[in-house]
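All chains are named by letter (A, B, ...) in the order of the sequence lines, taking the proteins before the strands, and each is independently numbered beginning at 1. Source: prediction; values computed, not measured.
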Amino acid sequence: MVNLSVKIGRLELPNPVMTASGTFGYGQEYSEFFDIERLGAIVVKGLSYVPKQGNPPPRIAETPAGMLNAIGLQNIGVDRFIAEKLPHLRTLDLKVIANFFGDSIVEYVKAAEALTDSGGVHALEMNISCPNKQAGWIVFGTNPDAMREVVTAVRKATDLPLIVKLSPNVTDIGMMAKVAEDCGADAVSLINTITGMCIDTKTRRSKIANVTGGLSGPAIRPIAVRMVWEVNKSVMIPIIGMGGIMTAQDALEFIIAGASAVSVGTANFINPVAAIEIISGIESYLLEHGIADINEIIGSLKT
Amino acid sequence: MSRFFKAEISGSDILNSDICLLSLKPHAEYEHPLPGQFYMLQAIGCYDPLLKRPFSIFSIKNNNLSFLFRVRGKATKILSSLKKGEVIDVIGPLGNSYPEPGSDFVAVAGGVGVASLYNLIEKYSCRAHFFYGAKTKDELVLLDKISSLAKELTIVTQDCSCGLEGVVTDACADAICIPDSALNGLPVYACGPNPMLKALHSRLSGKGIKCYVSLEEHMACGVGACLGCVVKGINEYKRVCKEGPVFSMDEIQW
């Protein structure tokens, strides 16, 4: 037997594979395909203090080996999540990570407090790739000062393990990760989607109504692996790696680059049992290579 | 019985113009679909196209699931060129279905929209007043079979190459709206391009006719998780894959 369990700060996971926010609902949609208790953790669809309708359609468009989405963070809101979705999740032997966001620092703090008080949430993941609508629409995750302010405020509002999900739409992601670490984050996760566009040349309109969208899927994986490697050099806190992971080999690239855990996102859409196949694929890799513990290969890139 | 399974190609025919009829033999026991439900299909091991494509169930016979679609882009081209025996990934049946017609009913198909209605008229044979429209004769498929399954078949082409001249929505709405029409009061089931469904709505809304439409949208997951396939409902966005693909016409903002 090999050891697959990893630690994200105080949070102990039975294995390093989780599902990425927004690709797995609140768990129900995929529980018919496999036993979701086998996951390292579930990261639920991004929540805001106030429910959000999301963007007008069309919201998605396919691109070579990838997809653009501009769902617009449609969600039922923190209160309904706690009342309607959390009771079922609580009955499962499964680590629940609540992804959340806000349009202002006040909203971030309110959401973090409510999720912390709910009981049943094991960690928080902050999505900082949204603009501060009260302060000139500066995107929290691309401006170090805005990021410092919001992460510091949320850190004060929760004693749960706090993961900051980094935007790749920056010049120096290592520096942004350091800001998160300095503000008390227990871990960083990366990468969120890369802003992109695709245009229908017949109509000369963007293929998605929001004009720009977030690119995900295997197309972005080499960028994501490189960013994990850079962040691993700049911070001491654990890293959760994601971006186009389709197979166990893909997941292992992230782990070798420095990720203590990985998230499977777009792959769930294509293969509803992708996460489970990735867990067993990692296990087989360790057995084949005579490695007793997954922790031995985290950040083990030879250069 | 999982809704995610592998199936092999048991038949593939290009019918008139560029419409493909693809038959699949599931490798495992499968859940029986209802008329109006759909499946996500994809050739195995391919990252471009990355996503599965949604297709309405066309027919189920002798343990074969068949799908009718127009070959338009990369994904449909790949699916239509697979050889007998090749294996693909399938998720389904997904979504809701057409409500059971209590009586005779009206079916309105625009072009390849016939794909989703065929299974309905097969299940309730000789009960459908079927209006089948296309731009031109070439785009109409399986007319003999449809004619034998429908109670009555009215063909409409925009270029008058077959049947009546005009658009199918007008032909259907005119037939329903004439005084003492036998079709008045029957439920209407429609599938076709969005402009056609919109036109049907503008002709039939407010007349007390129950009308169900099957909608098509780009989808990523097909199971309600990604929220990518929404359409505007009256008060909120509705997922075509989960709350649909069949909607009562008055649930949708046209």
Side-chain angles (χ1 to χ4, degrees), chain A residues 19-34 44-46 51-76 207-209 213 215-219 221 244 246-247 250 265-274 276, chain B residues 1-6 31 39-54 72-76 78 88-95 194 215-244 252-253:
Chain A
T19 51
S21 176
T23 65
F24 208 71
Y26 305 104
Q28 286 153 314
E29 286 80 3
Y30 285 96
S31 54
E32 71 165 275
F33 296 108
F34 68 91
V44 300
K45 170 78 182 153
K52 274 185 98 104
Q53 272 232 317
N55 286 330
R59 290 176 169 184
I60 57 170
E62 191 169 324
T63 58
M67 63 175 283
L68 284 169
N69 87 78
I71 307 300
L73 297 166
Q74 177 182 338
N75 80 96
I76 57 175
K207 287 188 185 172
I208 40 185
L215 184 63
S216 66
R221 193 174 62 240
M246 306 293 285
T247 65
D250 301 344
T266 303
N268 297 315
F269 303 154
I270 293 125
N271 173 8
V273 298
I276 290 307
Chain B
M1 208 165 15
S2 174
R3 290 202 290 173
F4 178 44
F5 58 89
K6 298 209 184 299
E31 194 180 316
Y39 287 79
M40 304 290 286
L41 306 183
Q42 184 176 36
I44 287 174
C46 157
Y47 286 175
D48 187 19
L50 179 66
L51 302 171
K52 291 185 163 48
R53 296 292 188 270
R72 270 181 63 176
K74 215 181 260 180
T76 47
I78 291 170
I88 67 167
D89 274 333
V90 182
I91 308 178
L94 300 168
N194 270 340
L215 301 183
E216 184 175 46
E217 265 303 326
H218 288 288
M219 286 183 190
C221 71
V223 299
C226 76
L227 313 182
C229 65
V230 300
V231 290
K232 256 188 193 155
I234 296 304
N235 297 315
E236 59 190 357
Y237 289 119
K238 290 179 180 290
R239 297 170 293 184
V240 171
C241 73
K242 202 79 181 176
E243 283 80 45
I252 302 297
Q253 265 188 51

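Counting heavy-atom pairs under 4.5 Å between each of B:R3, B:K52, B:K232 and chain A puts B:R3 at the top. Taking chain B as the reference chain and counting heavy-atom pairs below 4.5 Å, the highest number among A:G54, A:A65, A:A70, A:G72 is found for A:A65. Note: A:G66 leads A:G217, A:G66, A:P58 in heavy-atom pairs under 4.5 Å with chain B. Comparing A:T63, A:N271, A:T266 by heavy-atom pairs within less than 4.5 Å of chain B, the highest count is held by A:N271.
Taking every heavy atom of both residues into account, B:A225 and A:G25 meet most closely at CB-N, 4.0 Å. Here the closest non-hydrogen pair linking B:A220 and A:M67 is CB-CE, 3.8 Å. Residues A:P57 and B:V231 approach most closely at CG-CA, 4.3 Å, considering heavy atoms.
For the atom pair SG of B:C226 and CD1 of A:I60, the computed distance is 5.0 Å after rounding to the nearest 0.5 Å. Taking CD1 of A:I270 as the reference point, atom CD1 of B:I44 lies at 13.5 Å (rounded to 0.5 Å). A:L73 contributes atom CG, which lies 10.0 Å from atom CG of B:L227 (distance to the nearest 0.5 angstrom).
At a threshold of 4.5 Å between non-hydrogen side-chain atoms, the residues A:M246 and B:L50 count as touching. Using a 4.5 Å cut-off on side-chain heavy atoms (C-beta onward), B:P49 and A:E62 make contact. Residues A:P56 and B:Y237 meet the side-chain proximity criterion, which asks for heavy atoms closer than 4.5 Å. Side-chain contact between A:P272 and B:V223 is absent, with no heavy-atom pair separated by less than 4.5 Å.
For chain A, no part of B:M40 is nearby; none of its heavy atoms comes within less than 4.5 Å. A:Q53 touches chain B through backbone and side chain together, each having a heavy atom under 4.5 Å away. Contact annotation for B:Q42: only side-chain heavy atoms (C-beta onward) come within less than 4.5 Å of a heavy atom of chain A. With a threshold of 4.5 angstrom between heavy atoms, A:Y30 approaches chain B through side-chain atoms but not through N, CA, C or O. Residue A:N268 does not touch chain B at all, counting heavy-atom pairs closer than 4.5 Å.
The backbone N or O of B:V230 lies less than 3.5 Å from no partner atom in the side chain of A:R59, so there is not a single donor-acceptor pair.
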